[in-house]
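Computed from a predicted model, the values in this text were never measured in an experiment. Note: hydrogens, waters and symmetry copies are ignored here, and every other heavy atom, side chains too, is used.
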Amino acid sequence: MLPMHLMVNRELSWLEFNKRCLSEALRQDVPLFERLKFAAIYFSNLDEFFMVRVGSLTDQSMVEPDKLDNKTGWNAAQQVQHMLKMIHSFEPMTEQAYQSLQTECKQHGVDFVDFNKLSQIDEIISRKYFAEEIKPLLSPQIVDRHHPFPFLRNKEKYVFSCHITKNGGERFGVVPIGHLPDYFVVNFDGRAKVFFTCDIVEHNLYQLFLKQKIVEHTTVRVTRNADIAIDEALLDYDMDFRGMMQELLKKRRRLFAVRLQLSGKAPRIQKYLCDHLDLHAAEVFVQKIPLNFGFGFSLAGKTGIQDTSLFYPPRKPQVPEMYHQNIPMRELAQKEVLLAYPFHSYKPFLNMLYEAADDPEVVSIKISLYRLAGHSKVVSALCHAADKGKDVLCTLELRARFDEQSNIDYSAILEEAGCRVIYGLSDYKVHAKLCVITRKNAAGEVSYTTQIGTGNYNEKTSEQYTDLCFITNDDAVGRDAVQVFNHLSLGETTEETEALWVAPHCYRSRVLELLDREIDVQKQGGHGYVAIKINSFNDVGIMEKMVEASQAGVEIRLYVRGICCLRPGIEGYTENITIRALLGRYLEHSRIFVFGEGERQRIFLGSGDLLNRNTRRRVEIFAEPKSQAVREQLLHILELLEKDNCQSWLMQPNGTYQRVQQAEGEPSVNCQMRLYDYFTQYADPVQKTPHRTQKLQEEKETVERTMQQLRSREQEQENEEKMSLFKRIWRALFGKRHAE
């Protein structure tokens with residue numbers, strides 16, 4: 001067992017990551033509206049943290065009060081105590097960020113209206129908007145023995161007030177405003193004025209309680225526990241899993257409160273709400289800034305500002321050169337293909353699905369779905385394949401947190417289109433990113449095209465997250481992929497494979513084996529080397545093995561975006577381990593594992609981190625590319641991560657992080673922008689041979705002549721797909737008769 005001084009608590013490590021997000025909102029070299037987004041990301045992340053992690057540990061403190069964290073020795077209640085203390089310590093930083101953003105917005109013609117310093121024109125605007133747009137939609141309520149305390153919905157805002165009665169008693173008023181927009185923008189005299197709805201309602205509260213003496217008022221926002229587990233007793237063979245998930249989602253909405261936010265000091269209201277919600281003082285956050293920072297995502301569009309210097313320069317995902325030659329993916333995959341998002345476009349993968357649908361040799365398409373885009377083109381392609389008579393099997397994980405309802409809806413659409421849908425396993429989430437296309441030619445020969453990814457089949461996030469999409473025709477990989485889906489269809493996990501790593505049985509053990517190999521190499525006088533890029537790390541068994549490797553002298557470089565529970569640089573234990581975190585324009589999401597150097601080097605990519613849930617409680621998939629071109633691209637990603645001096649943070653032995661500073665005279669290296677240039681200019685050397693270049697030149701005019709025709713056909717196909725998908729959705733929701 002590792003000494004506790006080598007480890008960091010999982011929750012506190014995550015909070016360090018979120019603090020780094022907040023730090024981006026304070027960077028003067030980040031464009032203004034991008035800084036607003038980072039502030040919004042910080043608060044959005046914090047909402048989910050309270051709903052999931054604080055909620056889960058609060059549950060645990062009641063059910064298993066003596067259960068201890070294996071990294072710190074704290075019980076659940078102590079962990080929550082440390083978490084709340086750390087979050088409160090960030091409050092001065094959040095206020096600094098908001099004030100800085102306010103000041104800079106003002107310099108660019110955007111004013112956040114302060115109701116403590118209201119100008120005459122702002123007073124007129126707010127009163128007019130309140131009278132015409134807000135007041136008719138409000139339902140104020142007094143809370144007393146005749147009017148019970150209302151249920152406060154998760155993350156919705158309410159304006160509360162305390163009133164003094166004629167006999168000197170107290171009673172409280174509540175005005176729900178969660179159904180209204182958070183803010184509105186008025187363009188006046190060349191400036192954009194931002195009014196927050198809660199401020200307007202508070203300012204005009206006397207109009208709603210004309211006969212009441214108001215002594216306190218504040219806006220409140222409650223965060224509720226959302227960590228609801230599936231009751232194993234409900235997993236009856238006769239019960240519909242999809243229907244059960246619908247019931248659980250209804251139950252989630254009414255779970256207990258874990259946080260109370262107030263927009264200003266209101267001691268009477270605070271005590272009253274804490275009594276009703278069973279909250280303690282540490283769970284209350286009195287804020288001098290907006291309670292919800294969602295406006296940071298949308299404000300730029302509402303103000304209509306066009307100044308390009310206030311945004312990141314445009315970086316449009318590109319289609320790699322090889323795909324412009326109209327070569328089918330099944331042929332390209334003979335040499336293996338790597339798509340790197342968001343630098344590459346998602347179109348080649350979508351085209352692969354459509355090619356398979358139209359290929360007469362294709363027998364089946366099997367795919368594992370976890371999170372999908374709002375209007376999923378992947379689902380549309382799968383429905384098209386089913387229409388073409390292909391056997392389409394979709395593993396759809398209904399327990400993808402906060403995407404449950406979306407996946408429930410998509411399951412109905414896919415089934416309506418003729419796809420077979422299964423919901424994964426009762427004991428394991430299916431988090432794998434795996435797609436296999438099976439072909440059978442006229443001679444009866446079976447072949448496969450298999451795709452293994454690090455990110456979801458989601459066109460929207462493919463433009464926001466750094467992810468990898470690996471495609472190969474390797475028969476062993478294809479056989480393993482088919483075996484995985486066959487086991488899932490039978491409610492089983494995969495225990496043995498030829499080529500793939502498959503969690504929970506064939507992932508953690510392989511990582512430990514390869515770490516042992518590097519230890520042996522080091523002990524025999526060689527140079528042991530390990531480089532791993534993941535999002536999170538808390539598996540104690542793997543940490544123990546890494547400490548052993550470091551003590552043997554193995555060089556270990558970890559690139560961990562978020563949670564990391566191992567402390568680097570501690571003499572006698574982890575002095576040969578470095579841990580970097582990169583935070584920039586795109587969310588780092590890809591997973592890459594490298595063991596060894598030279599001819600013995602092995603490289604893997606896949607869907608899982610080194611969290612306990614990934615190594616033990618999920619189905620994850622990893623592949624080992626064989627082609628030199630793909631391997632070089634993966635190594636180049638890690639090389640640039642190591643060189644980055646614009647977006648990187650180094651973890652310190654005490655568990656905190658320090659930003660990597662560019663040395664004097666050192667060229668700046670922005671990893672993500674360098675990778676954009678690299679992947680958008682990269683071409684497979686095979687395409688650069690003289691013969692190929694000459695052939696491309698000869699075909700150039702033909703390609704140009706047909707492009708317009710192709711665009712026209714694609715538009716027609718897209719319109720047909722939209723109409724077909726609309727009809728399927730309508731039938732799924734309202735029945736066949738109404739659809740007709």
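Using a 30° and 60° split on the angle between ring planes, Phe49 and Trp14 fall in the parallel class, below 30°. The aromatic rings of His431 and Tyr370 sit perpendicular, their planes meeting at an angle over 60°, well past the 30° parallel limit.
Side-chain contact between Ile367 and Thr395 is absent, with no heavy atoms from C-beta onward closer than 4.5 Å. The closest side-chain heavy-atom distance from Val482 to Asn486 is below 4.5 Å.
Side chain of Thr497 to main chain of Ala499: no donor-acceptor pair is present (N/O by atom type, distance under 3.5 Å, no hydrogens or angles). Looking only at distances, a side-chain donor or acceptor of Glu355 sits under 3.5 Å from a matching main-chain atom of Met329. In terms of modelled atom types and a separation under 3.5 Å, the side chain of Tyr457 and the main chain of Leu434 share a donor-acceptor contact.
Because its NZ or CZ atom is not both nearer than 6.0 Å to the ring centre of Tyr428 and within 45° of the ring axis, Arg618 does not count as a cation-pi partner of that residue. Under a cutoff of 6.0 Å and an axis angle of 45°, Arg439 and Tyr448 do not form a cation-pi pair. No cation-pi contact links Lys533 to Phe593, judged by a cut-off of 6.0 Å to the six-membered ring centre and 45° from its axis.
The existence of a salt bridge linking Lys440 and Glu445 is excluded, since no basic side-chain nitrogen approaches an acidic carboxylate oxygen closer than 4.0 Å. Salt-bridge check for Arg674 with Asp644: failed, with every basic side-chain N at 4.0 Å or more from each acidic carboxylate O. The existence of a salt bridge linking Glu639 and Lys643 is confirmed by a sub-4.0 Å separation between a basic side-chain nitrogen and an acidic carboxylate oxygen. Here Glu642 pairs with Arg580 in a salt bridge; the nearest charged N to carboxylate O distance falls below 4.0 Å. Looking at Glu459 and Lys347, no side-chain N of the basic residue comes within less than 4.0 Å of a carboxylate O on the acidic one, giving no salt bridge.
Expressed to the nearest 0.5 Å, how far CZ of Phe622 lies from CD1 of Ile452 amounts to 11.5 Å. Taking CD1 of Ile579 as the start and CZ of Arg557 as the end, the distance is 13.5 Å to the nearest 0.5 Å. Summarising the geometry, atom CZ belonging to Phe537 is positioned 7.0 Å from atom CD1 belonging to Ile532; distances are rounded to the nearest 0.5 Å. With values rounded to the nearest 0.5 angstrom, Lys335 atom NZ is found 10.5 Å from Ser627 atom OG.
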